[in-house]
Amino acid sequence: MTRERFFIVDAFAHIFRSFYAIRNIDNNAVYGFTMMLRKLIADENPEYLAIAFDTSEPTFRKELYPEYKANRDAMPESLVPQIPLIKEMIEGYNIPMVAMPGFEADDIIGTLAKRAAEQGVQAVIVSGDKDMLQLVQGDDIVMFDPKKGVHYLGEAGIPEFFGCRPNQIIDLLSIWGDSADNIPGVKGVGEKGAKKYLAEYGSLDGIYENLDKITAKRARTGFEEARETIDLTKTLITIRTDLDLTFDKDTYVRKEPDANGLRAFFTRLDFKSLVDATPPKLKRISRDYQLLDTEERLKEVLAEIRDKGFFVFDIETTSLNTIEAELVGMALATEVNQAYYVPLRHEGQDATWSDSAEALLKDVLADTNIIKCAHNAKYDISVLFNLGWDVAGRIEDTMLMSYLINPNEDRHGMDHLAEKLLNYRTIHFDEVAGSGKDMVTFDKVPLDKACNYAAEDADITFQLYDILFPRLKEQDLHRVYDTVERPLIPVLARVENSGVQIDEGYLKTMSAKMAEEIEALEQAIYELAGEEFNIKSTKQLGVILFEKLGLPTVKKTSKTKSYSTDQSVLETLSAKGHALPAKLLEYRMFTKLKSTYVDALPTMICPKTGRVHSSFNQFVAATGRLSSNNPNLQNIPIRTEMGRDIRAAFVPRDGWVFVAADYSQIELRLMAHFSGDDTLVQGFRSGEDIHRRTAGEIMDVDVNLVTDDMRRAAKSINFGLIYGMGEFRLAQELGITRKKAREYMETYFEKMPRVLGFRDEVIEKAREIGEIRTYFGRHRQLPELASRNKNLQAQGERLAVNTLIQGTAAEIIKIAMIRLDEAIREQDLQAKLLLQVHDELVLECPEEEKEVVSRLLGETMEHVVHFEVPLVAEVRTGTNWKETK
DNA sequence: GCGTGAACGTAC
DNA sequence: GACGTACGTTCACGCA
């Protein structure tokens with residue numbers, strides 16, 4: 001259990017620091033001090049907190065020694081009016097301020113720290129002032145400098161920092177004196193001398209007893225001259241710890257800040273970033289994390305879980321890779337601030353215990369009457385599935401909730417959410433298990449540390465659930481959560497665990513052939529360039545092409561305004577008859593395919609299963625699509641013949657076949673349904689070539705008279721519609737003038753007016769509510785629409801249309817995956833879903849299941865929704881992925 | 001040596 | 001400035 005902590009802040013030390021560190025804004029000290037305070041609370045989450053102030057009254061030191069601080073300049077004029085503002089801010093945060101006439105903040109801090117330590121609470125002095133080090137006492141009173149981040153100076157830290165023992169600090173400071181406070185020290189003795197004599201004679205008294213032994217003339221004279229004043233110096237330097245102050249927990253315990261008051265205050269001071277920031281909430285004052293290492297206690301907690309019907313769990317393993325991960329322990333949370341850690345297979349644990357504890361946990365996880373919750377549940381259930389555990393019943397996922405609430409955000413990790421939503425800094429994994437080459441697997445982490453870390457994760461997940469689940473409902477996101485995303489989690493876990501087989505030998509052969517081609521191309525390129533250079537360096541290539549050879553520059557790159565050498569540039573140059581760009585295009589294609597796919601895929605084969613287990617990420621794409629990585633199996637080439645050959649390396653297991661299906665034109669079909677445009681709807685209903693049909697309509701010719709060029713133009717517009725393409729892009733794509741492109745688009749919208757109307761309605765609605773909603777109720781905030789920047793607004797408009805179409809298509813295929821998985825399990829088929837590529841699903845099944853799986857796949861995909869136009873899925877089978885096209 | 005951003009190219 | 005969503009590879013560069 002972590003000890004309670006009392007943080008005491010030296011107000012003026014931080015006020016001056018902020019005042020001088022921050023320039024160019026009004027009320028700089030107020031701002032800086034507020035930021036420091038917020039960070040302190042967020043990062044450290046102290047149980048108790050106080051801020052100590054000096055008063056303007058003369059202090060006892062001044063009475064003893066009139067020259068005390070006599071050399072201090074008056075407070076800068078622009079700082080004076082900020083002091084009452086700072087006090088107002090602190091009141092808003094509801095933090096006690098302590099001041100005592102006749103004494104300094106230091107004395108208040110010293111006394112309070114001592115009193116807190118006497119009551120078993122750790123006192124943390126928030127200051128960068130070295131004088132404060134005299135107060136440090138073991139782990140009972142420590143120092144913390146917020147400017148340097150986490151920098152505790154326990155007693156052990158002092159010798160190396162100061163070069164003397166803690167109980168010598170007052171003497172050391174007395175010898176040095178304090179020029180800032182106008183306190184004279186011992187003349188002729190500097191830092192080195194002071195430390196040396198203290199080390200030799202133990203204390204100031206010791207030095208005076210042995211003064212005759214000091215041979216250095218100047219030092220000895222200095223000490224003799226200071227003999228009269230040294231006691232006074234010592235008194236001035238000594239921080240008092242005997243003031244008439246008590247530490248009582250009720251006074252200093254953290255309290256809820258006045259959020260409205262603070263917002264008004266920050267608005268008044270025009271601190272824009274603070275107005276909208278969540279004020280640090282009070283939380284987690286008392287937490288109870290327990291190690292569950294006896295069967296009796298475990299059973300008690302599990303009984304409580306059964307009784308409640310809900311709990312949070314979080315597993316600890318030896319690896320982030322779900323295939324390789326071994327289960328080490330499981331954390332459970334039953335309510336906020338109440339969590340447990342069940343160590344299962346830590347180093348040295350008894351196997352009898354592991355087996356019996358696991359059996360008990362299995363029962364609860366398999367119990368469909370109990371709701372489970374985890375943060376990123378896919379990970380936990382993947383690992384448990386691999387170990388043969390059943391995780392059944394409703395599984396909530398706080399990471400999923402966070403994603404649905406804000407799909408534009410890319411961080412949904414627990415550490416980040418805890419800081420953002422709970423103002424709490426969690427214990428990070430590397431803080432218990434180390435990082436880099438010092439990292440140990442979790443089974444080597446001592447039980448007390450493991451418990452604090454793991455139980456905290458479960459607890460934080462519980463707290464996130466308490467915040468996120470109500471928001472999900474408030475924002476009307478529970479439907480997409482319940483019908484699409486939450487049921488998808490176990491399906492994805494199974495897809496990832498299945499993996500896919502790769503024909504390694506085939507790729508190795510292919511790689512060798514490509515290496516030869518690349519070698520030849522390299523030579524030809526060097527020849528044409530007249531020198532050898534790094535062809536892969538766009539910088540070097542630009543110099544060769546546009547400076548050495550003097551080819552005309554086609555365009556510059558957007559960020560750095562350097563020569564662009566991309567495909568379109570090389571094609572333009574090649575079309576002008578230049579030989580080098582043509583070779584470069586070929587070289588680029590070979591090297592791209594070889595390094596990204598042919599050579600990379602074999603390295604991703606899992607040694608344990610012999611298959612490639614890509615991740616399918618549910619919380620990445622802002623539209624609701626899945627993404628894939630390690631490796632990305634959603635961008636395997638298909639367009640070029642050479643690229644397509646890579647797909648032949650994806651093979652089913654022995655005696656099995658691939659069954660794949662892709663939605664035909666799903667996004668354009670959604671456009672047809674949403675807009676209700678006659679041409680599109682009729683085109684899709686009659687099953688004819690939709691691009692040909694729209695071409696006929698725009699060009700006003702019979703479908704049979706549509707030329708390839710006309711079809712190409714219509715196809716570009718059809719696709720462009722979904723992305724919000726402009727005439728500039730269309731012109732570029734078709735190699736026509738902007739004027740001509742504009743004419744095409746105008747005709748398109750004249751002939752198919754409801755497409756334009758639909759677009760406008762979507763944008764209008766989105767602008768009104770600030771977000772777009774997909775068919776199944778997913779939302780995406782579109783702040784761009786409220787922007788005063790025209791370009792950003794236009795982008796917002798494109799995002800609105802595209803997210804509706806792309807997001808709805810993503811939901812449809814997700815539902816197909818869920819139903820397919822369900823049907824496969826219900827019908828006891830062996831078929832396994834292996835890949836999803838946005839509009840395509842790839843399965844493998846035994847030869848004898850081929851027909852039934854083909855039919856099941858096609859029908860499942862086609863019957864997800866019943867729209868104005870049919871959804872068509874084209875099913876194919878093959879002995880590798882290439883064959884299924 | 002390591003992390004990061006830019007440029008490029010693959011997919012839907 | 002001009003078409004949406006992703007991910008991986010390579011290079012260049014700054015920092016330790």
Side-chain angles (χ1 to χ4, degrees), chain A residues 407-408 410 436-437 533-542 555-570 584-585 587-601 603-604 614-640 642-644 646-647 662-663 665-668 716-733 738 741-742 772 780 784 789-807 809-810 813 835-840:
Chain A
N408 285 323
D410 51 10
K437 67 175 177 47
F533 65 102
N534 187 346
I535 308 170
K536 294 192 185 85
S537 161
T538 49
K539 200 178 169 200
Q540 291 180 42
L541 181 60
K555 67 173 174 184
K556 293 288 181 86
T557 58
S558 59
K559 299 272 177 187
T560 63
K561 314 292 174 207
S562 49
Y563 304 118
S564 171
T565 67
D566 71 13
Q567 211 163 47
S568 70
V569 169
L570 295 179
L584 288 167
L585 283 165
Y587 175 85
R588 284 253 176 98
M589 176 163 75
F590 273 103
T591 52
K592 174 76 177 183
L593 295 179
K594 182 169 183 286
S595 64
T596 310
Y597 306 102
V598 180
D599 290 344
L601 285 171
T603 70
M604 306 295 290
S614 160
S615 296
F616 285 91
N617 314 302
Q618 203 177 353
F619 313 133
V620 174
T623 53
R625 270 191 179 181
L626 295 179
S627 84
S628 155
N629 68 356
N630 298 314
N632 181 357
L633 295 183
Q634 293 181 321
N635 72 345
I636 303 299
I638 193 166
R639 285 169 192 178
T640 62
M642 197 196 318
R644 199 151 50 238
I646 293 167
R647 295 199 167 206
D662 65 314
Y663 279 115
Q665 307 282 6
I666 185 165
E667 294 187 346
L668 203 51
S716 285
I717 303 184
N718 281 334
F719 274 115
L721 227 67
I722 295 159
Y723 303 140
M725 182 171 61
E727 61 191 47
F728 179 86
R729 178 68 187 243
L730 183 66
Q732 208 178 16
E733 188 138 307
R738 280 184 65 170
R742 182 161 61 241
I772 183 74
R780 178 183 183 177
E784 295 88 348
N789 177 326
K790 267 196 89 179
N791 287 323
L792 269 180
Q793 263 193 51
Q795 194 192 357
E797 293 174 0
R798 293 194 293 272
L799 292 179
V801 177
N802 182 254
T803 301
L804 170 58
I805 302 281
Q806 191 180 109
I813 197 167
L835 303 175
Q836 189 255 45
V837 193
H838 310 308
D839 66 353
E840 178 186 18

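Residue numbers begin at 1 in each chain, while the letters A, B, ... track the order of the sequences.
- Within the 4.0 angstrom heavy-atom criterion, base atoms lie near A:E733.
- Of the possible donor and acceptor atoms, none in the side chain of A:T623 sits under 3.5 Å from a partner among the backbone N and O of A:T803.
- For residues 618-627 of chain A, proximity to DNA chain B is found at A:R625, defined as any non-hydrogen atom under 4.0 angstrom from a strand atom.
- With no hydrogens or angles considered, a side-chain donor-acceptor pair links A:D566 and A:S568 at under 3.5 Å.
- Here A:S564 lies in heavy-atom contact (under 4.0 Å) with sugar-phosphate atoms only.
- End-to-end axis angle of the helix from B:dG1-C:dC15 to B:dC12-C:dG4, from C1' rotation axes over five pairs per end: 0° (rounded to 10 degrees).
- Residue contacts shown for A:N534 are limited to sugar-phosphate atoms, with no base heavy atom under 4.0 Å away.
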Could you run down the sub-3.5 Å N/O contacts of the protein with nucleotides 13-15 of chain C?
| residue | atom | partner | partner atom | Å |
| --- | --- | --- | --- | --- |
| C:dC13 | OP1 | A:K539 | NZ | 2.7 |

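- Within the 4.0 angstrom heavy-atom criterion, only backbone atoms of the sugar-phosphate kind lie near A:L799; the bases stay farther away.
- Within the structure, a side-chain polar atom (N or O) of A:Q540 is placed less than 4.0 Å from OP1 or OP2 of C:dA12.
- Considering only residues two or more places apart in sequence or on other chains, A:E797 meets the salt bridge (Lys or Arg N to Asp or Glu O under 4.0 Å) condition with A:R767.
- Where DNA chain B meets chain A (any atom under 4.0 Å from a heavy atom), the bounding nucleotides read 5' to 3' are B:dA6 to B:dC12.
- A:D839 meets the salt bridge (Lys or Arg N to Asp or Glu O under 4.0 Å) test with no other residue; sequence neighbours excluded.
- A:A809 comes within contact range of no nucleotide atom at all, as no heavy-atom separation falls under 4.0 Å.
- Among the protein residues, A:I636 comes within range of the sugar-phosphate backbone only, with heavy atoms under 4.0 Å from sugar or phosphate atoms but none that close to a base.
- The minimum heavy-atom distance linking A:Q634 with A:S628 is given by the pair OE1-N, 3.2 Å.
- A:R780 comes within 4.0 angstrom of sugar-phosphate atoms only, judged by non-hydrogen atoms across all strands, and of no base.
- Judged by distance alone, with hydrogens and angles left aside, the side-chain atoms of A:R647 form a donor-acceptor pair with the main-chain N or O of A:P637 at under 3.5 Å.
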